[in-house]
J.: 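Dumping the structure here so I can ask a few things about it.
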Amino acid sequence: MSQSGARQWRVECDCIPEVAEARDTQHWERMHSQVSKANAGHFVSENRLAADLDEDELRQRHEQAHGALVVCNVCGKLKEVAG
Ligand SMILES: [Zn+2]
């Protein structure tokens, strides 16, 4: 599914309201990719992040996360979800 081999999560995100409007159910669900220590560099090199973080900063966020750290596949927003 994604080159990073990242685990995929369905998480709500507030991006692309057009899609939300066109759907009958699960309006705000978007696929997200889980950030791991191993694939953090991938998100940076492939420019998948909305935030301007380098690899070290992203790894740091990953280490500090209480749950899973995921990136929205659509808009690149970084968020934590309960692991
Ligand atoms: Zn999004």
Side-chain angles (χ1 to χ4, degrees):
M1 184 181 257
S2 97
Q3 288 176 7
S4 66
R7 178 176 168 197
Q8 300 295 300
W9 291 74
R10 267 178 211 283
V11 181
E12 295 202 342
C13 192
D14 57 9
C15 61
I16 43 171
E18 310 89 78
V19 168
E21 222 161 276
R23 287 183 178 173
D24 292 328
T25 59
Q26 302 168 331
H27 300 85
W28 297 102
E29 279 193 358
R30 309 278 179 265
M31 294 313 288
H32 290 60
S33 300
Q34 184 169 347
V35 176
S36 68
K37 212 168 195 167
N39 71 12
H42 171 82
F43 290 99
V44 174
S45 64
E46 300 291 314
N47 250 328
R48 295 273 305 275
L49 301 173
D52 189 20
L53 297 175
D54 66 25
E55 200 175 324
D56 286 343
E57 289 167 329
L58 183 57
R59 285 222 172 92
Q60 212 163 29
R61 288 288 297 269
H62 169 255
E63 269 162 35
Q64 290 164 352
H66 299 293
L69 189 65
V70 299
V71 177
C72 178
N73 289 352
V74 181
C75 69
K77 213 175 277 179
L78 201 58
K79 55 191 85 170
E80 279 182 36
V81 295

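FYI, the numbering just counts along the sequence from 1. These numbers come from a predicted model, not from an experiment. Indexing begins at 1, ligand by ligand and atom by atom, following the structure's order.
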J.: Please name the residue in the list His32, Glu29, Gln34 that meets the side-chain hydrogen bond (donor to acceptor under 3.5 Å, both in side chains) test with Trp9.
T.: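 Running side-chain hydrogen bond (donor to acceptor under 3.5 Å, both in side chains) over His32, Glu29, Gln34 with Trp9 returns exactly one hit, Gln34.
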J.: With side chains defined as the heavy atoms from C-beta onward, is the minimum distance between Leu69 and Leu78 less than 4.5 Å?
T.: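 Heavy-atom side-chain distance check passes, below 4.5 Å.
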J.: Hey, are the side chains of Gln8 and Ser33 touching, using non-hydrogen atoms and a 4.5 Å cut-off?
T.: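 Touching, per the 4.5 Å side-chain cut-off.
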J.: According to salt bridge (charged side-chain N to carboxylate O under 4.0 Å, His left out), does anything in residues 12-27 pair up with another residue at least two apart or in another chain? List the pairs.
T.: Asp14-Lys77
J.: Closer than 2.8 Å to the Zn ion (ligand 1), how many protein N/O/S atoms do you count?
T.: 4
J.: Is there side-chain contact between Ser36 and Arg7, with at least one heavy-atom pair below 4.5 Å?
T.: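 A side-chain contact under 4.5 Å is absent here.
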J.: Give a yes or no on whether a salt bridge exists between Arg61 and Glu80, defined as a side-chain N under 4.0 angstrom from a carboxylate O.
T.: no
